[in-house]
Structure formats: C-alpha cells, structure tokens
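Each remark here refers to the structure printed beneath this line.
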Amino acid sequence: MSGLATGSIYALMALSLVIIYNATRTLNFAQGEMLMISTFVGWTALQLLRAPLLVALLVAVVAAALLAWVLERTIIRHAISATHFDVLIITLGLSLMLRSAAGLLWTHDEFPFPSFFGSRPLGVGAVRVAPASLGIIGASLALMLALGALFRWTRLGRAMRAVAQNQRAARLMGISVEQVYSASWILAAAVGAVAGVLIAPVVFLSSQMGLVAINGFTAAVLGGFGSMPGAVVGGMVLGVLENLAPLYLPASIKHSVPFLVMITILIVRPGGLFGRVAPRKV
Amino acid sequence: MITRSILLFLLVVALSVSRAAAEPGVSDTEIVIGGSNSFSGPLAYTGEQITKFGVDLYLRVVNDAGGIHGRKVRTIYYDDGYRPQDSVANTKKLVEQDGVFAIIIPQGSPPVVATLEYLEEHKVPMLFPYQSSPVTRARRYVFQGMTLSDRSSRMMIDYLAGTRKYKKFAALYQDDEYGKSFLAAFEKDLGRFGLKLTAAESVKRGVTDVSAQIAKLHAARPEVTFLVLVPGPAAQALRERQKIGWTDTLMVSTGPLTDEKYLALATDAANGVEGLSLWPDPATSDLPGVKLYRAYMVKYFPKNEPNRYSLAGYFAGMLFTEAAMRAGRNLTRESLITALESIKGFESGILPPLTIGRDHETQKQGFWVRVEKGRFTPLTDWLKSE
Amino acid sequence: MLEVDDLSISFGGLDALSGLGFSVAEREIFALIGPNGAGKSTVFNVITGLYRPSRGRVVLAGEDLLALASHQVARRGVARTFQNTEVFRRLSALDNVLVGRHAHLRAGAIRAALGLGAVRREEAEARRFARTLLARFGLEDVADTESGSLPLGLQKRLEIARALASGPRLVLLDEPAGGLNQTETQTLMEIIRRLRDESGLTIVVVEHDMELVMGISDRVAVLDRGRKIAEGTPREIAADATVVEAYLGSGSDA
Amino acid sequence: MRPALEIDDVAVYYDKRRALEGVTLTVERGEIVTLLGANGAGKSTTLRAVSGLVRAARGRIVYEGRDISHAPADAIVAAGVGHVPEGREIFGEFTVLENLLVGGHTVPRRQIGERLEEAFRLFPVLRERRLQAAGTLSGGEQQMLAIARALMPRPRLLLLDEPSLGLAPLLSREIFDVIRRINADGVSVLLVEQNARRALALATRGYVLETGRLVASGPSAGLAADPRVRRAYLGLDGARRGAAT
Amino acid sequence: MRAAALGSGAVVVLGWPWAAPRYFVFLASLIAINAIVAIGLNLLTGYTNQLSFGHAGFLAIGAYAAALLTIQAPLVPLPATLLAAGLVTAAMGLALGVPCLRLEGLYLAMATLAFGFVVVEAILNLDWLTRGNDGLRVPAARIGPWALTTDTSRYYVVVTVAALLILAARNITRTRTGRALLAVRESEIAAQASGVHLAAYKTLAFVVSAFYTGVAGGLFALVVGFLSPDSFDVFLSVDFVAMIIVGGLGSILGSVMGAAVITTLNDSLAGFQSYRPLVFGAILIVSMLFMPGGIASALQKIQPRQGDRA
C-alpha cells in the first residue's frame, strides 16, 4: 500500500515529464526543482497567512504555473530551435539555480509539512491501512483521471496530443504550437505542484526534495517515454518494486533495483512497457 | 609570438615569487583560518550552520571584543558539495593560495579523510572535523570535533545493556560510512555483554520510504531499535512505526541524530523516543554557555534559530580562540597545537570541563534523553566513554 | 550483372512493391521511372539492405545480396546516392570522399592513434586519390569546404564522387537531377555517361527528369504502384500509351 | 472583391537551397486552380508558403485582400485557409472523430456538432469509422479524413496537395468528385496533383512549375494540349527553356 | 604560424610549474584530466551523436582500477597501471555499448545515467574491495625509483599522458576511424552505403570513449589521492557533458577548452559558497543561449576557417 502511494507520486512526476516531452520533445531536468519551489511557496503561504492547507495547495499550483510560464517564455522558448543537448543543459542549469535559490530563500533545512490525511492507522479487519497512503493514492488517481479527461475531452488536451503526434499537421489545424508549449510547461508544473504538496509531508520539505524527480524519469522510461498511461503504470511498478526490494532481495543489490530495472527495460524493450519505438525513416 | 609568450611567462614567474611569509595566515593584524564545507549538496544546511552561523558567530564576538592578542580572525570557506575531490582542491587552495593558518570544522567523512594526508604532510592543523569516523583519532595535526562513533556506541550499549538490562537489539542504519561505523561499533560493544544485533536494516541515503525496513524490523521483535540515520528518514521511520502500530520497542537515536529537527519532523510520533544527546538543548538549556550562545545569536543573526549545528560550530570557534589565546602573541601552527594539547579542565559552559589528551578528541561525552512533550528531557548526567 | 526477381514488400498494409523483377547488364545504364509513390526508391533501399523484402531475390554477379547487411552490400561493390542528398553535411567535401573510400583503407583506431608511418602513408595516398576524384567532378576548389554549405548541384556531384570512391561495380543513383537547373542537369548527364564509358560502371538511375532519363539510358523500366508496367528503350517507352497514362492520368472521368 | 489568393513574386529557400523563385499566381473566388509540375518543382512549397508552414524570403501572399506573408500558420487557418498536406498527415493515434475535432480547433464550440454532421454527410464512410483509430484506415479513407478535417473550420480557400497519391483509380475518382462538390459550395481550391489530365479536367486554370519557376499558365483546356505540360512530366520533346540560376 | 603557436603552447605547459603558484599546478592537472574525459566523451557524443550521462561511472571504474592495482601491486609501473585502468574501463564500455546499440538520444542518455548510478552502488556494495563509503586512499605511485609525491611531478605525468591522448585523438579523428564516426553522426544510412559498419563503429566509440575516461580515472586517483563513491555523483557526469557542449561538440580542441573553462569555473565558484550552483547554472544557461555551438564554433566564427578541424 505504501509502495503504491510512493508509486503514485512517481507516476505524477513521470506524467509531468511526459507532458512536456510530448509537446516539445525535450526533457525538463528542472521538473523536480520546480515542484520543490512551488511546494515551498505553498508552505510559505501556510506560515505567513495561516491559510488552510487547501489554499496552500492552490497557491503552490498557481506559483508553479507562473514559474513555468516565466521560464518557458524567457528561457526555453529562445532555445527551442537549438539542439536537444542544449535544451537539456539549460534545464540542468535551471535545476541547479532553482535548488540554490531555494536554499538562499528558505535555507537548505528540512521542514515538516502538514498532510491532508491523518497518521493514525485505520483497521479494516486484520489489515491496517494508513490514511496517508490511501489519501495520496486517491488524490493522485483523481488528478490522473482529471488529466486523462483533460487530454481526452478538451480542446487544449487534444491540441497537446495533436502536437505530440505531428507538429506540422497540428499547425495546419490552426493550433498554435507555441501556445501548446507554454500550456505544457504550465500544466506539467501544476501537476508537479500537486505531487509536491502530496509528498512533502512524507519526504519533508527541503531544497533537496526535487531529487524525487529522478524516480519520475525512471518511471517514465519504464512506461515508455511519451506514453501517459505508461507513466502511471511505470510509477506504480517502480514504487512497489522499491518498496518490496528491501524485503526480498539481498542487501547488496536492493538499492540498485530501480536502475537495473531501467537499464534492463531500455535494452530489452526500449519502448518501455507501453511505448512504441517509431520505425526508422529513410 | 614565441617571444611574447615567453616574456609573459617570465612576468608570471616574477610575480609569483614575491610572496614571502612568516607563519602562514598570521599577520600583525589578522589570523586567517578556513575550511572546505558543504554549502550545496546533501549536507548544505549543516555546512552553513556550523560555519557561517557557528564558528563565525563566536569569532564575531571575539573580533568585536578586540580579537586574539590584537589580531582579528577572518574565515574563508569554500563549497565542496560533499565531493572529496572538491574538498581536496579547496583545501589545497586554502593552504597554498589563501595561506590559511588552520583548517576549521570540515564536514563529512569522505571529504575530511580525503584531505587528511595532505594536511599532515604540510603540517597544517585540521581543527574539529565534523564527522564521526575514528580515522581522525590521535593524529598530531588533527583535533577531532564530534564524538566518535565508537565512543557513542560504548555509551549507548553500556547504558542500555548495562544499566537498563535490555537484551534484544536491532538497528536501522544509513547505508554509508556513518551507518556502518556505528553498526560495527554496536556489534563489538554488544559482544562485551555476550549479545548480538538481532536484526539490521539499511536505508539508502536520500531515500525516504522506509516502510519495508520497519516491517522487517518489527517482525524481529527487538526490545531496542537503534536509528542510525539523518533527521528526514529517521522521522519517517518513527511515523511508519506509528502507522503500523508497533509500540513494544524502544527507539533510540544516535548522537548525530538526536536533534530538534528530527523531533519537529516526526511530531507526535517521536514521543517516548530515547537517545544519546551530544549537546545540551540549544533552545532551552539553562547552562550559562548555551544562554550566551543564544544571546549572541539574537544579536548577530536574529533570523537564525538556535540549533545543534551552529552550537557545534560556535563551540569550535570558542576552542580555537582559547588555544590561540594560550599560544600567545607568537602564534604558530606548532604553538597552537601545543596550546590545544595543554587544555585541561576547560570550562565552556556548554560541555563538561574539557581536557584534551593524546587522542586529540575534544568531545567524548553524551547524556541520555527521552522525548517528552516534544522536547528532549535528560535522563542521566554526562556519560563516560573511556 | 544485377538481377532483381519477384520483389515484394509492404508498409503498413500498403504494397510498396509487388512482384517486381528486372535485370541490368554489365556497363548498362538502366533507368527506373514512374510517378510519385511508385516504389522506385524502395527498390534501392531493398538492394542496399536497408529494407528486408517479404519475397524475392536480389542477385549481384551471382551473389545473393539479401542475406547481407547494408555495409556489406557496399563492400560487394554497390554504391548509391540518395533522393534527398545525404552528404555528410558538417564534413568537408574531401572528407566526404574519404568516407567513401572507407572500405579500401586499413588503418584501425589503435594504429591510427599511434600515428604509425604506414597509416600516414595510407592516409596521404587516400587524400591524393580523393583530390583526384574531386577534380574529376570539378570539385577541387571546394575540397575543404563544409559540404552542407555547398549549392545543391555540387552536393549531388559530391555524392556521386563519394559513391565512386568506394570503387563500385554498380552505382545506384536516386534522383540525381532532383532540384537541379538546366545547366546543372546537362553537366550531370555528361558525368553519368562518362562513368559508364570511362570507368566501365553499371548504373541504375531513378529519376523524374525525363530529359535525363531519355538522354542517357539504354533501357527504362516504368513502375506504377509497385508494379512494372513497361520496360524497353527510351523510344519505346515514350511511345507507350500505358506510360503516358500513368503519368498524365487517363482523364477519362472528366 | 479581391481574389481568394494572390501570390506575388514569392521566393522560398530551404537553407541556402532555392525552392521557389519569383512565383506569381492568382486564385479567383470560387475557382479551382491547379499547380502542375514534376517532382521537386516547388508545388508543395508553394502551398506551404501560403499556409505559413514556410516563410517566403521575398514577395507577398495575399488572402482575400489581407497580407498573410508574415502571419503564423494558426492565424492563417483561423482566417479561412485550409491545407490538406501531401501524405495526408492525419493523426494516426487519434480516432476519426478526434481527428475531426482537432480539425475543428478554431471552430466555436456550439457549431462543432453541425460541422461534424456536414463532414459525415460528405464522407458517410467516416461516420461508420468514427471511433476507429485513424492510422488503421485505408489510404482512401485517410485521404477523405484529411479533407474532412481541413473542412471543419469551413475554409474559403482549400489547398490540396496530391489528394490522389497512392490511391487506386476508382478511389481517386471519388476524391475528385468530392473536390468538385466542395468547390460547388463556394470554396476556392488550389490543387497540386500528379495526375495532370484529371487535374486540368477539374480546374478552370492551371500553372506549370519547373525547378521553382513558373513556365506556363492559362486556362485548362489550353494547357491540356500544351506540349510544355507534357514535357514538364515526361520531358519527351526537345530541350527545356533555360532555367539556370 | 602554427608551429609558433604550438611551440609557445608547449613552453607554457612545460614551464607552468615554475611559473604558476603551486595550487595552479594542481588545478592544471585537474584540467588536463578533465580534458581527457571530455575528449573521450566527445568521441562518443560529439562524433557519433550518442549522449552519455554516465561518464562519472567510467571515471570511477578507471580510478578504482588504478587505485586497487597500485595498492595490490605496488611494483607495477605507472604507465602499465594507467593502461590497465583504461583497458578495464574500455571493457566496461564494450559491455555497456553493445546492449545500448539499439538506443539513441534520450533513451541512451537514460541508460547511461542509470549506469552511473549502478557503478556507484557497486562501489558501495563491493566494500571488501573498494572499502565502500569509507573511501580508498591511494598511495603515491612510483615511476621507477621516483615516488610521485609532489603536485609538480604528478602534473608532468598527467600532462604527458594528456598530450599523448590528445595527439592520439587527433590522429584517430583525422583518419579513417574518425571519419567513419563522423559519417555515422551525419547520416547513418549514407555511412552504411559507404561500407561503414554501423554497429561496429558505434561500439568502438563507446570503447574508445571509455578507455580515455578510464585512463583519466587512473590519473584522477593519482592526483586526488582519495576515492569515494561520493566523488562520482551524477553531477560530475553533467559537468562532463557541460564541458563538451560549452567547448564544442565534435572538436578535440573544443573538449580541452571546455574542460578548462568548466574546471576553472567550478574552482573559482567554490568561494561563492551557497551561491555556487546559482552562478554556475546561470553561466550554463547564458552560454547555451548565446553560444549554442560552444567555444570551438564561436572561435571559428571569429577566425575564418582554416580548413582542418581541430
């Protein structure tokens, strides 16, 4: 259960990475740091305004959206014609900057973060279930369903999927690809912010919490980079693996499990569990 | 082209030989000390607190009072982000470029150990490294800061297995130098009581989900479970224990872990937890030295909350000042070492009277605490680790 | 020289080639023409081992090519150019030709790293060869220019030079005149003729420019929707009603 | 009333490679005009320049009196220009319905249902396949989908690039019928087509491109008999007029 | 002109330890080591378009191999130790490169990233050999009767090795192998059509890249004198990628310059303490935005091209 809870956070991280990747074909290495910054902003709202947690969540989401919008417009947009390597390095630079800025603003200390969910176990027969785990799973699932609906049923969602499939054709449909870029960054950041608020009570709030994104990468690869259902399943599988590995595996290899899984998947099935590798065109 | 570059080259040579020195880092008006520390990376918070809000806090007090024999103390810190190669580079730069007099409070085993040989070779004192591996014990140019793991372990096991008569021990430890050195020490000290660790589970640094490990330890039914972790995962372990309703074990935290941060993160899950405390409570202790520390903190860094890390740095600054005072106006690296070695029964108002012996350790004690109503309440006086 | 027999391949349910067969004699210039999407480039991609056909045989001087990987086909003496000019854009023209010479050079990484005399001699020899070849194609002045910055006409010529550097027996030219103007096309025709007349090469050319096709080929095969609909001399083809219809359409539905 | 489309002295370069040079043409309102020429002559590039997918280095492109030379592609679509690209470029992972909905990206929500109805009326087969993944459609159905998709915003000018490419004769005849019906509803059409005879049979006027330049133009009937058309495709008789740079 | 530039360069490099303050001798050694890694990485990424975020892992393998050999067999001469470090790492490069043949772009970056983590985990878990997190102290290496105990002596070793490897890289890149690698980068199908065995050369790039990085690892062990898993975190791999991108993809000279810039930058930013990553990140972003082709291409723009690639 706890594995699934962690897994759903990984899934959200993976989703936010995939959203940007699908639209722009770039990988945002600063995703974790954006999550961290927005959670910090939400937390600051809690501290300063004594606002309820729900308000903090909203503040975090808005902050994330703003940050993403600004970064996309001021930095990423200018590099969009550059090579993927350049954009990678830029987002890496961003991640360093954001982490460092968070340290300067809020110190590198760890802070407790309130949870929406209680910590007392609920007994369901002989099974004890932690409300926190249930809550995280529930909230993540709700968010994923909302995302699914957005991508499936709304004009923006369809436009984003269209851009992911064929940018030129999307333009011919009257879709502004640039707006889709911005929207993807904003949406991804908002998803990240929710993930941040959900996971902060568990991993605590600190400038280092963005490192959770690395598991998001693994989850996304596991699911086949670019596939959204894949990202969800990849996240869950990774969470459960990470949770179970210490139980069943010798100490010497258990910590390598996520990475070994990732390498194995890449080599055996480069498209991930769900993705397809596009055939080579000549 | 060639002639130009050779000329340039000669100019550089000429400039570089101009530095002449008496004792490095000591001038008529100034003493320069420095250190490589974590200002980024996993231990950035600790690094910043022990240096800028710790050592520097005390030195500002000293400087504002006129300095050490008329010399103001200046500090230089470089960031190594916990990478050993960067700490080597920084330390070389401090010694060779900045010409520091001594290295103060470097942090973390790998970065510290990486520079040990170099500093000894160049006879530069390494003062009060903030790490717990015994590798720094009894070296001429090193004066260990934090209580070493084997001493912590001895105090903990003597108290729990001796005084309190517990028999079944388990440990949840961080999968690195810090965790493993404690684990080895526990095994050894338990051995003296004819006991063994019943179960031990490791946590990778930076991982926060410890539910599986807690479940496994729970299954082993230990009377005492040691937490050899850093605040985040340790608080997580306590909450996980609360979550699964595991009540019949005594959770015990090691010296480096027993800190207010860990309580704040664990909230009510920390109640009843015990541990070895290396420092008096920086926020509430009535000891005169700690009160003074708080007063200075309010004066110089009003925005910074008192905490154990800055207190440790503050104490390091105090000890350096004491030794440099004793060394007199003719301060050299050798005279500093002699002065440090001469310290006997030094009253800091923070730790018990300090005598530095051949082992060059400056902190050997701790006392036992239990968490009650969100604070550490002392259960014992200072314990002995000899 | 080259025999293609009963070649079939399909992509995503669409038959790109079905039961295609033709043969090319030594020192012949053979043209494959047909409207867009007829499958002409696919033939080349199958011959050079980039695509695996579902059926059929490709035999070069008695050897089955279908069993070979692409680079092995090249080493058997089959060189080609590409529809969209695949010069190595960030390499100089000289280096492009030197890559073409790849299979003839021996220097491995280690021997090259050591800077052995033999390697240097081989390299110098290869560079001389490459410069001579470039000169033959009128490219000596741009030998050190990054090939991507050359005008298309020169890129096309460079691509042929690179193909020749491997010392092939059979050259496959994929739309060599595509995007070229009148004069450039004339030069190109001259070059292709000389390849056959002077170097004794066998040439298969896929081309839309009928002037070129009709001007240089010995025989022409016409493809439409993956099938061969006609084969013969240029004169016969030009007169063939099926061919005209394939190109210009029947117009019967008007 | 200004013509549907005026292209005036337009040049387009890919990298440094010339694709179009000084092309000038007009499509009157309600007219079908066809653009002929061999592969690589610049037909697709002309369409792309109109719909804003590539930028003209020189010249003006005017749609119904509005200069759209510098407008972004999405604005051009919104202004009423539909473009059915070569190779159809449908969204293979989408269902037929979703493809049409994306096509209606610029359409007000209230009108979507009505437009879908129109599309299905024009291509009944798409109604049957509406929940099928577009990538699994046959070539002809894909082409119909591509056209239907471009028609969703009710464009007043439709650019069609090789609509019969790769289709069996029967199917391409069907597509041509559809084009005629679309045109009958008042949509101006600029058609690029491999099948010159059929294109000329449909169009009122035609232009012939060779290596990026216009070499002939005129009413369809005249062009159909013009040896220059035959030459542009088959290069059979005589030498071409010089088009040297 | 060229000889003069080379000559004065050689004078500066050889005379450096007598001219520069001692710390800069050490720093120059680090630059030379990083330059070797950057060249190795550039052979893979710049020349064959295979991105790696795992070169810290290769560096670690070379460093530990050399360190363990020095400890276990102190009599083995240093050049042999370095060669062994390179070969062991090259073998790992082969082991990673072959399965990675099917991957490109992002996926390859991910696989190599994971490889970097696995190497660190392996070092931790093989603690009977590597002393795990305690770290491994590397005794001074010897060349014949001389123990390399000073920064200057180590500097000369490092610079000699670096010079040889730079020369070798130039020799490789300017002959058949290098051209084949570049051809693979520019167009895989055209390369194949020219008879270049795609898989062989992609793998070769991995092997050579790993060899270079392994030798650099050996020198790293020699110069830094202490190894621990913390030395080889993912950010080090990122630094290497930054070096070749800042310096210029597909350029040997660019690799060296990139290594010099990033190493010096990292070093001089250490004094910024908490601001270090902030400034470093900002510099990365700005240089990417305004100098996308790296130093090498910026130089080429200023100075009209001289025919040969450097």
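Note on naming: letters A, B, ... go to the chains in the order of the sequence lines (proteins, then strands), and numbering restarts at 1 for each one.
We find the CD-CG distance between B:Glu48 and A:Leu104 to be 7.5 Å, quoted to the nearest 0.5 Å. To the nearest 0.5 Å, the span separating CD on A:Glu242 from NZ on B:Lys204 amounts to 9.5 Å. Taking CG of A:Asp109 as the reference point, atom OG1 of B:Thr46 lies at 8.5 Å (rounded to 0.5 Å).
For B:Tyr314, the side chain to side chain donor-acceptor pair (under 3.5 Å) test picks out no residue, with sequence neighbours left out.
Both tests do not hold together for B:Lys261 against A:Phe204: distance to the six-membered ring centre under 6.0 Å, angle to the ring axis within 45°.
What you find for A:Pro201 and B:Arg239 is that their closest heavy atoms are O-NH1, 2.7 Å. The two residues A:Glu110 and B:Pro231 make their nearest non-hydrogen contact at OE1-CB, 3.9 Å.
Among the residues in residues 35-42 of chain B, those with a non-hydrogen atom closer than 4.5 angstrom to a non-hydrogen atom of chain A are B:Phe39, B:Gly41, B:Pro42.
The neighbour count for B:Glu187 CD, taken as heavy atoms of other residues, nucleotides or ligands under 6.0 Å away, is above 12.
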